[in-house]
Student: 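To start, I am sharing the structure in question, which I have written as structure tokens.
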There are 2 protein chains.
Amino acid sequence: MKISVVAVNSGGEPCAACSIRPLSICAALARSELRGLEHLGRHIHFASCETVFAQEEITTSFYNLLEGVMRLYKLLPDGRRQIVGFALPGDFLGMTASSRHSFSADAIGPVVVCRFPRAPFARFSEDKPKLLRRINEMAVRELSQAQDHMVLLGRRSAEEKVAIFLVGWRDRLAVLGGPAKTVPLPMSRQDIADYLGLTIETVSRTFTKLERGGVIEILPGSICLLDPARAEALAAA
Amino acid sequence: MKISVVAVNSGGEPCAACSIRPLSICAALARSELRGLEHLGRHIHFASCETVFAQEEITTSFYNLLEGVMRLYKLLPDGRRQIVGFALPGDFLGMTASSRHSFSADAIGPVVVCRFPRAPFARFSEDKPKLLRRINEMAVRELSQAQDHMVLLGRRSAEEKVAIFLVGWRDRLAVLGGPAKTVPLPMSRQDIADYLGLTIETVSRTFTKLERGGVIEILPGSICLLDPARAEALAAA
DNA sequence: CGGTACATTGAGAGATATCAACAGGCGTGG
DNA sequence: CCACGCCTGTTGATATCTCTCAATGTACCG
């Protein structure tokens, strides 16, 4: 829960050289406008399991995820947890309807974010229609993903949930690193369970079932999609 | 499934007189800008159960809901249905990440929408930062609601789901019509079930259970919240 | 080598789904 | 005006999927 703040480019870094720029909201900015952003953004490193921001905390910043994976989750008073998404490089976090964060975000493995203080960023963006439309586009895409996930949570069986998760995660990683048969799973089984609305035992059993069925092979920290077609069939059904 | 198009103000209607303007995206526009919108928007009536737009259909328009209630839902190939939300006056529909609708929308009871053809509306809004920010705000609020609903679908019991639905629906109606003890439920039990990720039987049994517990009274087309505090307690738990 | 955290497996319980019957409201038509 | 049929909602009996509780296994790390 502690927050380690290791400022890496306290002086501002050339956004033009940013590897994830085409994926992020910054893709909407011209070279000249990037200059303005460079003054606002600071790179911050987080170690595994550190919290970037927490539910109910006052929103002070926006975050552009540069490296690593984050889990975004909501907690109920009695401890039940629902992971509402996993963030990957390019994702933009911190937009809220109210002045407080509606979910918590912490690092799964080492993470680097580009942090923008809220008010200056709001001023920077307020008269840049292209940027606003880009942020809109990202928000709408996220909303669409959220709706897909509602279908999963409300209407899918455990086996379908796991298959959809594996195929979907593979596809998201493919956008970043190119397609690969073996899919890294940096998150724990508990994370997967809380994402899919299952218990850890059911996730484990379903993994085993899929392995016995020859659909996947379970490896430490990853799985191998032996039969992608069958996994996709389960996911579509 | 047929679409009844009854144009009401084919010539454009004074947006300044629109009753739901403060609730909708149009709140972000100045009087002079409203003029531009009036040329774009057309009022259209739909009868109960008519489809305003369907999943996979090419997106041709945006819709501002003026009157009535709509159900927004996604269907799986085998017929399973998940309702991703109910739309009320002021809601803005049709924003999509792709060029096709990601869910279907149809009328629950008579409905009036203000329809804006997609391209002209996009042109109209593209250089209006205030409007873009307003649309953003609405999108972020919807995303937040979607995340709340994920927690419900993934981590709540049937009784909690129903209580949350009733309290939440009451609160949404209160914004429009002022607080009331008796809550109209224009949607069917099946709609409620598909919204909460339950079966119709479980919804019915849970209603009965809450009624026997003195929390609600079941009336035709509505329920009365006899013990709001207990309902809210179930919802928060 | 032992400890700890994470993952898997098993047995049994429980919540919700499924299948089936029944009740009530409402419109139609005799 | 009443009988009939249809549709929606309720209730009951049973099935099943997933959860819960418990034990065992495994990998990593000091």
Side-chain angles (χ1 to χ4, degrees), chain A residues 47-49 71 76 78-83 106 108-109 152-166 184-213 215-224 234 237, chain B residues 47-49 71 76 78-83 108-109 152-166 184-213 216-224 234 237:
Chain A
S48 195
C49 290
R71 76 181 140 246
L76 294 179
D78 62 3
R80 282 176 288 180
R81 186 177 72 155
Q82 177 67 44
I83 291 187
D106 44 45
I108 298 176
L152 177 144
L153 291 169
R155 288 295 178 229
R156 295 292 199 164
S157 70
E159 194 174 15
E160 290 173 329
K161 285 177 175 181
V162 170
I164 292 168
F165 166 68
L166 292 176
L185 296 179
M187 68 291 285
S188 70
R189 293 287 190 272
Q190 185 64 62
D191 287 339
I192 297 173
D194 287 345
Y195 181 58
L196 300 178
L198 298 170
T199 60
I200 184 174
E201 294 94 332
T202 299
V203 170
S204 190
R205 274 186 255 272
T206 308
F207 268 68
T208 304
K209 186 179 170 189
L210 290 175
E211 185 170 47
R212 284 204 236 280
V215 181
I216 64 172
E217 188 186 352
I218 302 172
L219 304 166
S222 65
I223 62 102
C224 185
L234 278 170
Chain B
S48 195
C49 291
R71 75 182 142 245
L76 293 178
D78 62 2
R80 281 176 288 180
R81 185 176 72 154
Q82 176 67 44
I83 291 187
I108 298 176
L152 177 143
L153 291 169
R155 289 295 179 230
R156 295 291 200 165
S157 71
E159 194 175 13
E160 290 173 329
K161 285 178 175 181
V162 170
I164 292 169
F165 166 68
L166 292 176
L185 296 180
M187 68 291 284
S188 70
R189 293 289 191 269
Q190 187 64 63
D191 287 339
I192 297 173
D194 288 345
Y195 181 58
L196 301 178
L198 298 170
T199 59
I200 185 174
E201 293 95 332
T202 300
V203 170
S204 189
R205 273 186 254 272
T206 308
F207 268 68
T208 305
K209 186 179 170 190
L210 290 175
E211 184 170 47
R212 282 205 237 278
I216 64 172
E217 188 186 351
I218 302 173
L219 304 167
S222 66
I223 62 101
C224 185
L234 278 171

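Naming: A, B, ... by sequence-line order, numbering from 1 per chain.
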Student: Between T199(B) and V203(B), is there a side-chain heavy-atom distance shorter than 4.5 Å?
Tutor: no
Student: In the structure I gave you, are the side-chain heavy atoms of S204(B) and E201(B) within less than 4.5 Å of one another anywhere?
Tutor: no
Student: Dot-bracket for DNA chain C, 5' to 3', counting Watson-Crick or G-U wobble pairs under 3.5 Å, with [ ] for crossing pairs and | for inter-strand pairs?
Tutor: ||||||||||||||||||||||||||||||
Student: Using atom types as modelled and distance alone, determine if a side-chain donor or acceptor of T206(A) lies under 3.5 Å from a backbone N or O of T202(A).
Tutor: yes
Student: For DNA chain D, whose closest nucleotide is more 5', that of P220(A) or that of A158(A)?
Tutor: A158(A)
Student: Partners of Q190(B) by side chain to side chain donor-acceptor pair (under 3.5 Å), sequence neighbours excluded?
Tutor: D194(B)
Student: Between P on dT9(C) and CZ on F207(A), what's the gap in Å once rounded to a whole number?
Tutor: 12 Å
Student: Is it true that a side-chain atom of R155(A) and a backbone atom of Q82(B) form a donor plus acceptor pair closer than 3.5 Å?
Tutor: no
Student: Return the value, rounded to whole Å, for the distance between atom CG of D78(B) and atom P of dT18(C).
Tutor: 11 Å
Student: Report the distance from atom CD of E217(B) to atom P of dT10(D), rounded to the nearest whole Å.
Tutor: 13 Å
Student: In whole angstrom, give the distance that lies between atom CG of L153(A) and atom C1' of dT16(C).
Tutor: 16 Å
Student: With a 4.0 Å heavy-atom cut-off, tell me which residues in residues 193-205 of chain B come close to DNA chain D, sorted by residue number.
Tutor: E201(B), S204(B), R205(B)
Student: Testing the basics here: between L210(B) and E159(B), what is the closest heavy-atom pair and its distance to 0.1 Å?
Tutor: CD2-OE2, 3.8 Å
Student: Can you find a heavy atom in the side chain of R71(A) that is under 4.5 Å from one in the side chain of M187(A)?
Tutor: no
Student: Please figure out whether R189(A) or E159(B) has its closest DNA chain C nucleotide nearer the 5' end.
Tutor: R189(A)
Student: Can you confirm if the NZ or CZ of R81(A) lies within 45° of the ring axis of Y195(A) and under 6.0 Å from the centre of its six-membered ring?
Tutor: no
Student: Verify, without hydrogens or angle tests, whether S48(B) (side chain) and G109(B) (backbone) share a donor-acceptor contact under 3.5 angstrom.
Tutor: yes
Student: Rounded to whole angstroms, how far apart are CG on L185(A) and P on dA7(C)?
Tutor: 10 Å
Student: Whole angstrom is fine here: how far is it from NZ in K209(B) over to P in dT10(D)?
Tutor: 16 Å
